[in-house]
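Written out below as structure tokens is the structure these notes cover.
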Amino acid sequence: MRVDCKAFVREQVEEIRRVVGEATAISALSGGVDSSVVTVLGHLGTGKRMKVIFIDDGLMRQDEPRQVKSIFAKLGIKVQVLDAKKRFFDAFQGLTDPEEKRKAFRDTFYRVFGDAVRASGARFLLQGTIAPDIIETKKGVKTQHNVLEQIGIDPTSGYGFGVVEPIKTLYKPDVRRVAKVLGLPPAISQRMPFPGPGLSARCMGEVTPERIAIVRKACLIVEQEMKGSRAFQTFGVLLADRPTGITKGGRRREGDAIAIRCVDSEKAVLATPTKVSWAKLMRMRDRILKEIPTVTKVLYDLTPKPPSTIEYI
Ligand code: XMP
């Protein structure tokens, strides 16, 4: 059944107002469509009694923290950017195993987030849980729904802390429609999926500020060149291998390998490689070689999901 977006917004704003009352709330904004919608609903329901934080984990795409801040400023919503880059990069030190990297990200995220929630003195946490998150949490695929436990707050401790999940009945297409109704620009309402662990999911081997800077440039080039395509996701990946290349002077040297990943998909459960034109592939290759001088190999990833995944960790 199609959701009546205007009625949905009215009802949820009313509900947030009723639940939060005169207390204060906090929303952690990532710039994704779910947390953005919840942040605007929370703002409409509580106004200045809601604090909005954006955790800068150092794993965002080019200019992302500034862009998100400015989009919300235009809606009259102040976003506090919390610089947690060092905590994340410290946690990644020495790790190359994909699962260990994911765990380091998750543990650090919940620690940073928990600290911010406690420091804010807020009584309510607004969370962008959507319908598939609840289904996947029940199946044990995700832990997202048990957020209080993750951030170390016991809801039964008498601390009186509550979670508000205004969009938990919605699926993604409806969240995007509600985003439009709320006046969020296409940069948010039509935002391409981006993983929670950010660019670390596109960086094989160790995650360091230097290696993230390389993959950030590759992602920017691929996104810019693929803009307007119907691909579900488009990005660059830094591989862990150090393939041999050759300098202009003819000397052998080791360098970086970048994979270009563009996939067509509906819900990210299945995916096929996008048929990118040869001319476009050559243009992306030329830009990657020019703008990232350490690169000695550029590859196009041809694998569907399954057996591959969309991301690399
Ligand atoms: P995979 O790589 O498993 O990804 O085929 C499926 C979809 O989910 C995104 N993705 C994530 N999103 N946290 C997220 O919020 C994560 O840890 C995560 N890992 C993957 C991915 O970008 C794709 O859209």
Side-chain angles (χ1 to χ4, degrees), residues 27-39 54-55 57-61 64 68 88 91-92 95 97-110 112-113 127-137 139-147 150-151 165 167-168 170-173 175-176 188-204 207 212 215-216 218-220 222-223 226 229-239 259-274 301-313:
S27 171
L29 177 64
S30 70
V33 65
D34 304 340
S35 66
S36 295
V37 163
V38 163
T39 298
F54 178 98
I55 297 174
D57 53 16
L59 307 166
M60 301 280 169
R61 285 164 295 184
E64 214 166 359
V68 172
F88 281 90
F92 280 126
L95 303 183
D97 178 81
E99 283 311 309
E100 283 179 16
K101 281 156 64 174
R102 275 189 173 273
K103 182 174 184 321
F105 176 85
R106 210 169 38 236
D107 291 351
T108 310
F109 180 84
Y110 285 125
V112 170
F113 186 33
Q127 215 202 335
T129 313
I130 62 172
D133 296 330
I134 295 185
I135 296 164
E136 290 184 6
T137 306
K139 279 199 226 152
V141 182
K142 278 192 185 170
T143 50
Q144 183 170 359
H145 198 51
N146 308 319
V147 67
Q150 306 292 336
I151 63 175
E165 297 173 304
I167 57 171
K168 67 171 182 236
L170 301 187
Y171 286 84
K172 209 65 153 198
V175 183
R176 295 193 191 280
I188 300 279
S189 65
Q190 296 308 319
R191 205 172 192 82
M192 193 193 292
F194 186 62
L199 296 175
S200 74
R202 300 170 180 180
C203 182
M204 301 305 288
V207 177
I212 287 294
V215 75
R216 180 175 290 124
C219 280
L220 180 69
V222 174
E223 269 195 41
M226 293 297 293
S229 88
R230 296 161 67 103
F232 180 76
Q233 269 176 287
T234 61
F235 54 90
V237 181
L238 174 60
L239 303 181
I260 299 171
R261 182 75 162 144
C262 302
V263 295
D264 298 338
S265 178
E266 234 176 82
K267 293 179 184 163
V269 179
L270 301 171
T272 52
T274 304
D301 184 341
L302 296 170
T303 33
K305 173 183 179 175
S308 187
T309 56
I310 295 176
E311 304 288 346
Y312 271 56
I313 72 164

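The structure presented is a predicted model; accordingly, all values stated were derived computationally and were not measured. Quick note: numbers below take in every heavy atom, side chains included, and nothing from hydrogens, waters or symmetry partners. Every number for a ligand or one of its atoms is a count from 1 in the order of the listing.
- Residue contacts with ligand 1: Ala268 is placed with no nitrogen or oxygen under 3.5 Å of a nitrogen or oxygen of the ligand (distance criterion only).
- Ligand 1 places these atoms under 4.0 Å from at least one heavy atom of Ile310: 1 (P), 2 (O), 5 (O).
- Remark: among candidates Glu311, Met192, Arg102, the nearest residue to atom 17 (O) of ligand 1 is Arg102, based on non-hydrogen atoms.
- Those atoms of ligand 1 with a heavy atom of Pro193 less than 4.0 angstrom away are 24 (O).
- Within the 4.5 Å cutoff, side-chain heavy atoms of Leu59 are placed close to those of Ile212.
- Ser189 and Arg176 make their closest contact through O-NH1, 3.0 Å (heavy atoms, listed as atom of the first residue, atom of the second, distance).
- Put simply, the side chain of Arg202 does not reach to within 4.5 Å of the side chain of Arg261, judged on heavy atoms.
- Leu239 has its side chain within reach of Tyr312: a pair of non-hydrogen atoms, C-beta onward, lies under 4.5 Å apart.
- Of the polar atoms of Arg202, none of the N or O atoms is found under 3.5 Å from an N or O of ligand 1, judged by distance alone.
- Taking every non-hydrogen atom of Lys305 and a distance limit under 4.0 Å, the qualifying atoms of ligand 1 come out as 1 (P), 3 (O), 5 (O), 6 (C).
- Remark: Lys305 engages no residue in a side chain to side chain donor-acceptor pair (under 3.5 Å) (not counting sequence neighbours).
- Pairs of residues two or more places apart, or lying in two chains, that qualify as side chain to side chain donor-acceptor pair (under 3.5 Å) and include a residue from residues 263-273 are Asp264-Thr274.
- Shown in contact with Pro197 at under 4.0 Å from a heavy atom are these atoms of ligand 1, numbered in order with element: 13 (N), 16 (C), 17 (O).
- Here Pro195 has heavy atoms under 4.0 Å from ligand 1 in both its backbone and its side chain.
- Checking Gly32, Gly196, Ser30 against atom 15 (O) of ligand 1, the nearest heavy atom belongs to Gly196.
- In terms of N/O distances under 3.5 Å, ligand 1 is not approached by Phe194.
- Under a 4.0 Å N-O distance rule, the pair Glu64/Arg216 does not qualify as a salt bridge.
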